[in-house]
Visitor: 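Before we start, here is the structure in question, set down as structure tokens.
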Amino acid sequence: QVHLVESGGGLVQAGASLRLSCAASGRTFSTYTMGWFRQAPGKEREFVAAISWRGSRIYYADSVKGRFTISRDNAGNTVYLQMNSLKPEDTAVYYCAGHAIWTTIRSDYDYWGQGTQVTVSS
């Protein structure tokens with residue numbers, strides 16, 4: 001069992017940066033693939049980034065590649081999403097999620113946080 005809590009969202013201007021954190025509890029966190037997803041109003045939840053349990057495998061959606069960086073601290077049971085050069089179209093609720101094996105498919109993820117709002121003004 002993995003319990004996830006996101007933090008770090010907020011209201012920023014275009015071009016600014018934010019770092020989201022996802023604190024996890026549960027003994028299996030360090031062995032899980034962790035992903036970040038986002039959901040804008042009226043849209044489906046979409047994949048943003050994923051990191052394998054040792055951090056050796058990372059994958060980004062094309063829309064955030066080069067601007068966002070996912071990382072993890074297994075000792076601290078935390079996953080991060082560093083977001084730079086934010087755009088208004090990045091506005092969404094951001095969720096972290098966990099799954100036992102590598103995947104970027106939303107429906108594969110078993111554990112989800114409650115989400116944190118990111119709003120980027122133009």
Side-chain angles (χ1 to χ4, degrees):
Q1 191 78 8
V2 177
H3 181 61
L4 305 172
V5 179
E6 302 95 335
S7 62
L11 170 63
V12 297
Q13 291 190 328
S17 298
L18 278 176
R19 188 175 81 156
L20 304 183
S21 299
C22 173
S25 61
R27 291 176 293 178
T28 56
F29 166 79
S30 62
T31 66
Y32 269 50
T33 286
M34 298 300 297
W36 284 97
F37 292 78
R38 67 186 182 186
Q39 187 167 17
K43 295 188 176 181
E44 290 196 355
R45 193 171 300 187
E46 65 175 6
F47 170 79
V48 174
I51 185 168
S52 61
W53 69 280
R54 280 193 288 190
S56 57
R57 192 170 182 180
I58 290 175
Y59 191 77
Y60 297 99
D62 287 344
S63 57
V64 306
K65 202 172 295 182
R67 299 188 298 122
F68 291 11
T69 303
I70 189 171
S71 61
R72 68 188 297 162
D73 172 8
N74 285 342
N77 278 10
T78 304
V79 179
Y80 302 99
L81 185 68
Q82 177 67 43
M83 306 186 296
N84 298 329
S85 302
L86 283 161
K87 304 175 182 180
E89 51 263 44
D90 294 318
T91 295
V93 177
Y94 283 71
Y95 299 88
C96 69
H99 186 58
I101 60 174
W102 174 259
T103 182
T104 62
I105 300 172
R106 182 189 66 193
S107 59
D108 286 343
Y109 282 80
D110 311 288
Y111 301 103
W112 292 85
Q114 84 290 347
T116 185
Q117 176 71 47
V118 172
T119 303
V120 184
S121 64
S122 58

Visitor: Given the rule that I, L, V, M, F, W and Y join up when any side-chain heavy atoms are under 4.5 Å apart, are Tyr32 and Phe47 in one cluster?
Guide: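 No, no single cluster joins them.
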Visitor: Below 4.5 Å, heavy atoms only, C-beta onward: do Glu44 and Arg106 meet side chain to side chain?
Guide: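 Of all side-chain heavy-atom pairs linking Arg106 with Glu44, at least one is under 4.5 Å.
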Visitor: State the SG-CD1 distance between Cys96 and Ile70, to the nearest 0.5 angstrom.
Guide: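 Atom-to-atom, Cys96:SG and Ile70:CD1 are 9.0 Å apart.
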Visitor: Verify side-chain contact (heavy atoms from CB on, under 4.5 Å) between Cys22 and Trp36, making sure each step is shown before the conclusion.
Guide: CA-CA 9 Å; Cys22 173; Trp36 284 97; 3.7 Å; yes
Visitor: If you define the side chain from C-beta out and look only at heavy atoms, does anything of Val2 sit under 4.5 Å from Thr28?
Guide: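 Sidechains of Thr28 and Val2: in contact.
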Visitor: Between Ser17 and Asn84, which heavy-atom pair has the shortest distance, and what is it?
Guide: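 That closest heavy-atom pairing would be OG-OD1, 2.9 Å.
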Visitor: Does Lys43, at its NZ atom, have more than 12 non-hydrogen atoms belonging to other residues, nucleotides or ligands within less than 6.0 Å?
Guide: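 No - once you tally the heavy atoms of other residues, nucleotides and ligands closer than 6.0 Å, there are 12 at most.
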Visitor: Test of understanding: clusters of I, L, V, M, F, W, Y form through side-chain heavy atoms closer than 4.5 Å, transitively. Do Val5 and Tyr109 belong to the same one?
Guide: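 Result: no, two separate clusters.
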Visitor: Let me confirm one number: the OH-OG1 distance from Tyr59 to Thr104, rounded to the nearest 0.5 Å.
Guide: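 So the OH of Tyr59 and the OG1 of Thr104 are separated by 6.5 Å.
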Visitor: Linking I/L/V/M/F/W/Y whenever their side-chain heavy atoms sit closer than 4.5 Å, directly or via other members, would Met34 and Trp102 fall into one cluster?
Guide: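 Per the 4.5 Å side-chain linkage, Met34 and Trp102 are not co-clustered.
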Visitor: Please assess Ile101 against Thr103 for the test side-chain contact (heavy atoms from CB on, under 4.5 Å), listing each intermediate value before the final yes or no.
Guide: CA-CA 6 Å; Ile101 60 174; Thr103 182; 5.5 Å; no
Visitor: Could you tell me if the side chain of Gln114 sits less than 4.5 Å from the side chain of Glu6, heavy atoms only?
Guide: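 The answer is yes; the side chains approach within 4.5 Å.
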Visitor: Taking all atoms of both residues into account, what is the closest heavy-atom pair of Pro88 and Ala14, and its distance?
Guide: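 Here Pro88 and Ala14 meet closest at CD-CB, 4.1 Å.
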Visitor: Can you tell if the side chain of Val12 reaches within under 4.5 Å of the side chain of Met83, non-hydrogen atoms only?
Guide: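 In short, these two side chains do not touch, never coming nearer than 4.5 Å.
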Visitor: Would you check, one step at a time, whether the test side chain to side chain donor-acceptor pair (under 3.5 Å) holds for Asp73 with Thr78?
Guide: CA-CA 5 Å; Asp73 172 8; Thr78 304; 5.6 Å; no
Visitor: Could you check whether any side-chain N or O of Arg67 sits under 3.5 Å from a backbone N or O of Ser63, counting only pairs where one atom can act as donor and the other as acceptor?
Guide: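 Checking the backbone N and O of Ser63 against the side chain of Arg67, a donor-acceptor pair under 3.5 Å is found.
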Visitor: When hydrophobic residues are tied together by side-chain contacts of less than 4.5 Å, even through go-betweens, does Tyr80 share a cluster with Val48?
Guide: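 Per the 4.5 Å side-chain linkage, Tyr80 and Val48 are not co-clustered.
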Visitor: For the pair Lys87 and Asp90, find out whether any cationic side-chain nitrogen is under 4.0 Å from an anionic carboxylate oxygen.
Guide: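 Looking at Asp90 together with Lys87, the answer is no, because their closest N to O distance does not fall below 4.0 Å.
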Visitor: Evaluate the side-chain proximity of Leu81 to Thr69: yes if any heavy-atom separation is below 4.5 Å, no if none is.
Guide: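 No, their side chains stay 4.5 Å or more apart.
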Visitor: Verify the neighbour count for atom CD of Gln13: are there more than 12 heavy atoms of other residues, nucleotides or ligands below 6.0 Å?
Guide: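 12 or below, so no.
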Visitor: Please test Tyr95 against Arg45 for side-chain contact (heavy atoms from CB on, under 4.5 Å), starting from the C-alpha separation and ending with a verdict.
Guide: CA-CA 9 Å; Tyr95 299 88; Arg45 193 171 300 187; 3.4 Å; yes
Visitor: Do His3 side-chain atoms and Ser25 backbone N/O form a donor-acceptor pair below 3.5 Å?
Guide: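 No, because the side chain of His3 does not come within donor-acceptor range (under 3.5 Å) of the backbone of Ser25.
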Visitor: With the side chain counted from C-beta on, respond yes when Ile51 and Thr33 share a heavy-atom pair under 4.5 Å apart, and no when they do not.
Guide: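 Contact flag for Ile51/Thr33 side chains = no.
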Visitor: Describe, in one word, how the ring planes of Trp112 and Phe37 are oriented to each other, choosing from parallel (under 30°), tilted (30 to 60°) and perpendicular (over 60°).
Guide: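 Rings of Trp112 and Phe37: tilted, 30 to 60°.
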Visitor: Any non-hydrogen side-chain atom of Asn74 less than 4.5 Å from a side-chain atom of Phe29?
Guide: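 They are in side-chain contact.
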Visitor: Looking only at heavy atoms, what is the nearest atom pair of Gly98 and Leu4, with distance?
Guide: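 Reported closest heavy-atom pair: N-CD1, 3.9 Å.
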Visitor: Below 4.5 Å, heavy atoms only, C-beta onward: do Leu20 and Phe68 meet side chain to side chain?
Guide: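 No - every pair of side-chain heavy atoms lies 4.5 Å or more apart.
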Visitor: Using modelled atom types only, decide if a donor and an acceptor are shared between the side chain of Arg72 and the backbone of Ser52 within a distance under 3.5 Å.
Guide: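 Confirmed, Arg72 side chain pairs with Ser52 backbone.
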Visitor: Indicate, with yes or no, if Val79 and Trp53 share a hydrophobic cluster defined by side-chain heavy-atom contacts under 4.5 Å among Ile, Leu, Val, Met, Phe, Trp and Tyr.
Guide: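 The answer is no; the residues belong to distinct hydrophobic clusters.
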Visitor: Between Asp108 and His99, does the side chain to side chain donor-acceptor pair (under 3.5 Å) criterion hold? Intermediate values first, please.
Guide: CA-CA 7 Å; Asp108 286 343; His99 186 58; 5.3 Å; no
Visitor: Could you tell me whether the side chain of Thr119 and the main chain of Leu11 form a donor-acceptor pair under 3.5 Å?
Guide: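 Checking the backbone N and O of Leu11 against the side chain of Thr119, no donor-acceptor pair under 3.5 Å is found.
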